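This report concerns only the one structure given below.
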Amino acid sequence: MIFNKKPAPSLLDWKQSFQTLEKNAPQGPLKRFYEQGAVAYDTPLRDTSMVSLDLETTGLNPEKDAIVSAGLVPLNHQRIQCRGSKYWMFTPDSPLSHKSVTIHEMTHEDLNGAPSLEDCFEEVLAALAKKVVIVHCVHIEREFLLKASLKLYGQPLYFPILDTMEIENRILKQRSWIEKLKQGRISIRLDACRQRYNLPRYKAHHALTDAYSSAELLQAQMAHHLDEDQPISNYWL
Amino acid sequence: MEVELSEILDVISQHAPFNEMEDNALLQGMVHDIEIQYVRNGTGVIVPNVTNEHLYFIRSGAVEVLSKEDKLLRRMEEGELFGYASLLRGGKVTQEIRAIEDSLLYLIPGSWFKRLYDENDTFSDFFEIIREIRLRAAIDSQTSQTSDVSLMTCPVTSLLRRPPISIELNDSIRMAALKMAEFKVSSLLITQADELVGIVTDRDLRTRCIAAGLSYEESIENIMTAHPITLDSGDFASEAVIKMMGQNVHHLPVTKNGKAIGVISAGDIVQKESHGSVYLISDIFKQQNLASLISISKKIQHTFTQLVHADANTVMIGNAISRIGTAFVERILQLAEQELGAPPIPYCFIALGSQAREEQTISTDQDNALILSDAYNAEIHGTYFKRLADYVCHGLDKCGYPLCTGDIMASNNQWRQPLKQWQEYFSQWIQEPKAESLLRMSIFFDIRSIYGDEKLARELNKHIRYLAKSHRGFLSHMARNANQRNPPLGFFRQFVLDGSGKQARTFNLKERGIAPIIDIVRVHALACGSQKLNTMERLDDIENAGLLPNGRAKDLAAALEMIGMVRIRHQTNQIEAGIEPNNHVDPESLSSFERRHLRDAFHIVSRQQEFIKYRYAGERS
């Protein structure tokens with residue numbers, strides 16, 4: 001079992017951070033989100049309720065690019081619950097680039113009539129409340145949602161995240177030098193990680209499918225490498 | 001608003017039974033209640049004493065089902081379902097199901113399983129859980145898929161072209177001939193007070209009347225065939241073929257409630273089916289020397305493939321091919337007697353093994369022997385029978401029935417003996433059984449008279465039946481031998497394969513599937529003193545004798561049919577590809593339908609092997 005040495009991330013106690021964040025948040029959805037509190041840092045992994053989230057965006061730069069869709073699915077340490085799945089498409093305020101059209105196979109026509117991110121943000125927040133959020137690659141989801149929140153409410157949105165890419169990285173670092181030598185550089189892209197765990201291959205870049213992808217990857221990582229009795233603070237970011 | 005879970009729905013609806021369910025809305029509803037679980041290799045997914053609440057769908061990976069004794073029962077892979085057996089028992093788990101690969105599983109709540117089971121026929125049909133029932137249904141649906149022009153599905157009544165043409169028993173031969181000419185028919189039924197009493201054909205007019213110089217004014221009774229073999233109106237054309245081939249007749253009256261409703265001629269069938277297997281047999285008897293027999297033996301393969309394409313089942317094919325084989329033996333012996341002169345003492349030429357059971361297929365070597373009358377004197381008669389046996393065995397070899405590698409042939413001195421010596425052999429085998437010696441002997445317990453004095457074979461069979469039934473030690477040896485060859489249970493995943501070189505990725509269907517069933521059935525048949533030789537017929541006797549728990553005899557019959565059919569289709573494909581047919585099947589070449597049901601069939605064989613081990617457990621020596 002790995003990760004017994006505690007890392008020292010900056011926001012170790014999310015419960016405490018939420019109290020601070022709540023004070024500065026304006027009345028409304030953001031404040032209500034913080035009011036519901038965060039998972040306590042000493043909660044064992046097995047008792048943590050989680051939600052896997054994926055955003056599809058028009059690009060990688062949160063300053064310039066927009067969120068076009070979001071998908072999520074709740075899970076716990078053992079199972080993924082389809083029942084709570086959610087999926088939104090948004091009308092972007094920045095134009096779709098050619099590149100993102102080819103990646104997501106999504107055009108303005110698809111998004112015509114879709115609500116704006118603003119209209120749905122409250123629903124998204126409600127789905128994330130009191131959960132640890134699972135993503136593959138922390139930066140996209142954290143920064144795009146932070147940017148959106150600042151724009152909508154003038155205050156930041158932060159929440160605890162379990163990053164399956166970061167976890168995979170830590171797992172790979174635990175390999176002995178001989179394994180590293182034998183295996184060489186290993187990709188930590190979502191699809192590559194999934195294949196190592198004998199998970200089926202999906203067509204990537206649909207927000208809901210990718211949310212399932214990371215959820216399943218986390219299930220696999222937990223089954224193979226994580227200690228479910230360890231506190232969640234050992235793993236979250 | 002419900003989210004569309006198309007990814008999951010798509011995968012699920014590609015697999016049975018969901019792919020055949022038409023209620024898409026129902027499935028969409030179900031998909032939302034699915035939970036997904038990842039299990040590591042080696043994890044028990046369903047374990048005894050823990051209530052199971054889900055139907056599991058394998059999204060990726062594989063699991064295996066273990067018996068209480070931790071024995072592998074079967075493996076399941078991507079796209080397959082498990083957990084239904086326990087759900088149908090209210091969640092009670094008896095067999096552990098364990099992941100044998102890292103697997104991703106979809107968990108369908110038991111409540112959905114119950115709902116679909118109650119509401120959707122396609123779904124519940126699929127879970128007619130008792131595997132054996134599933135298997136039987138599969139065989140039925142296989143045959144019903146066939147076109148209606150096939151022999152198997154073609155009722156004889158559909159071949160009847162007109163009401164029967166008949167005359168009264170006391171009418172004259174001339175009147176009969178006139179009537180046949182008038183209606184342009186080649187046969188005529190003879191009735192008495194509306195009851196069918198005989199049949200007359202063109203051939204009878206020629207041979208029994210004109211050639212015999214009989215007066216045309218004589219009663220037709222003099223030349224008719226009395227009490228002819230008949231067909232019932234409910235029979236299928238296949239039955240007609242078997243009767244024609246077996247009795248070497250070309251006309252069969254069809255009766256309904258005892259009254260003739262028409263006549264089927266070989267021509268009617270040939271019109272329907274051009275394979276002409278009926279005629280191969282009569283062709284065999286027309287050949288005047290070994291060379292021409294050899295040349296027509298090339299037709300056997302063709303007849304075989306035609307029968308397969310006509311959707312005949314394994315019993316029909318086995319029967320047809322065996323009777324063709326028998327016809328070759330008969331004709332070669334006739335030729336031998338012409339050359340060597342009449343036999344000095346009575347003898348009986350017997351077939352052993354598959355030919356005796358009438359289960360011969362293509363590419364079987366010969367297994368035969370000679371029983372001589374007890375008047376046999378080696379010094380006087382030895383040379384004659386030695387020459388006779390060599391003539392037959394080598395003749396058969398040239399006609400496509402290769403010499404037996406185990407030398408179980410009439411040409412071997414040991415297997416060309418007077419009746420009393422044969423009885424002595426069997427007394428020894430049965431009363432003082434030795435496993436090793438019995439192992440290669442099992443085919444000696446399937447004996448059929450092919451030619452000559454049938455009484456000799458009957459006497460020997462009587463001797464065997466009488467002894468075998470009462471010797472438990474012998475039965476226990478036979479039971480143990482029947483467990484020597486095991487079905488390749490795990491074949492579809494971890495190929496348990498035989499052979500090397502070219503056949504490295506295949507398994508032997510005959511050795512691993514068919515032979516074990518035949519062996520099992522033979523033990524039971526000997527135990528209940530059955531006179532039958534054919535495995536399916538033996539199973540009837542076994543069932544009637546109550547030797548097996550209810551339904552088990554039918555399971556074995558279904559398994560034999562399933563495995564036999566796969567083998568026959570495999571051989572047909574080989575013949576048509578110009579390859580010498582064999583029994584080595586590559587599991588990858590099978591359809592998923594065949595694989596699933598083969599696996600079920602092997603499963604039955606394996607369990608029945610277990611069963612006879614205990615059923616005939618002998619005293620420890």
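Only a predicted model underlies this, so the values are computations on that prediction, with no experimental measurement involved. All heavy atoms count here, side chains included; hydrogens, waters and symmetry mates do not. A, B, ... follow the sequence lines: proteins, then strands. Residue 1 opens every chain.
Contact of B/Val31 with chain A is made through the backbone alone, with heavy-atom distances under 4.5 Å. At a 4.5 Å heavy-atom cutoff, the contact between A/Leu208 and chain B is made by side-chain atoms alone. Using a 4.5 Å cut-off between heavy atoms, B/Ile8 touches chain A through its side chain atoms alone.
A donor-acceptor pair is defined here as one N or O able to donate and one able to accept, closer than 3.5 Å; no such pair exists between the side chain of A/Arg79 and the backbone of B/Gln37. With hydrogens and angles disregarded, a donor-acceptor distance shorter than 3.5 Å links the side chain of B/Ser60 to the backbone of A/Asn198. Remark: the backbone N or O of B/Leu5 is not paired with any side-chain donor or acceptor of A/Tyr87 at under 3.5 angstrom.
Listed by first and then second residue, the salt bridge (Lys or Arg N to Asp or Glu O under 4.0 Å) pairs involving residues 207-221 of chain A are A/Arg194-A/Glu216 (not counting sequence neighbours).
Taking OG from A/Ser213 and CD from B/Glu7, the interatomic distance works out to 7.5 Å, rounded to the nearest 0.5 Å. Separation of atoms CZ (A/Arg83) and CD1 (B/Ile34) is listed at 11.0 Å; rounding is to 0.5 Å. The CD1 atom of B/Ile36 lies 14.0 Å from the CD atom of A/Gln78; values are rounded to the nearest 0.5 Å. Here the CD atom belonging to A/Gln219 is positioned 13.0 Å from the CG atom belonging to B/Asp102, to the nearest 0.5 angstrom. A distance of 6.5 Å separates CG in B/Leu104 from CD1 in A/Ile80, rounded to the nearest 0.5 Å. Rounding to the nearest 0.5 Å places OH of B/Tyr38 at 11.5 Å from CG of A/Leu218.
When the shell of 6.0 Å around CD of A/Gln36 is examined, it contains more than 12 heavy atoms from other residues, nucleotides or ligands. By the neighbour-count criterion of 12 heavy atoms within 6.0 Å, atom CG of B/Asn49 is sparsely surrounded, having that number or fewer from other residues, nucleotides or ligands.
No side-chain heavy atom of B/His32 sits less than 4.5 Å from a side-chain heavy atom of A/Cys82.
The residue among A/Ala223, A/Gly84, A/Gly71 with the most heavy atom pairs within less than 4.5 Å of chain B is A/Ala223.
By the side-chain contact (heavy atoms from CB on, under 4.5 Å) test, A/Asn169 is found to be paired with A/Ile188, residues two or more places apart in sequence or in another chain being considered.
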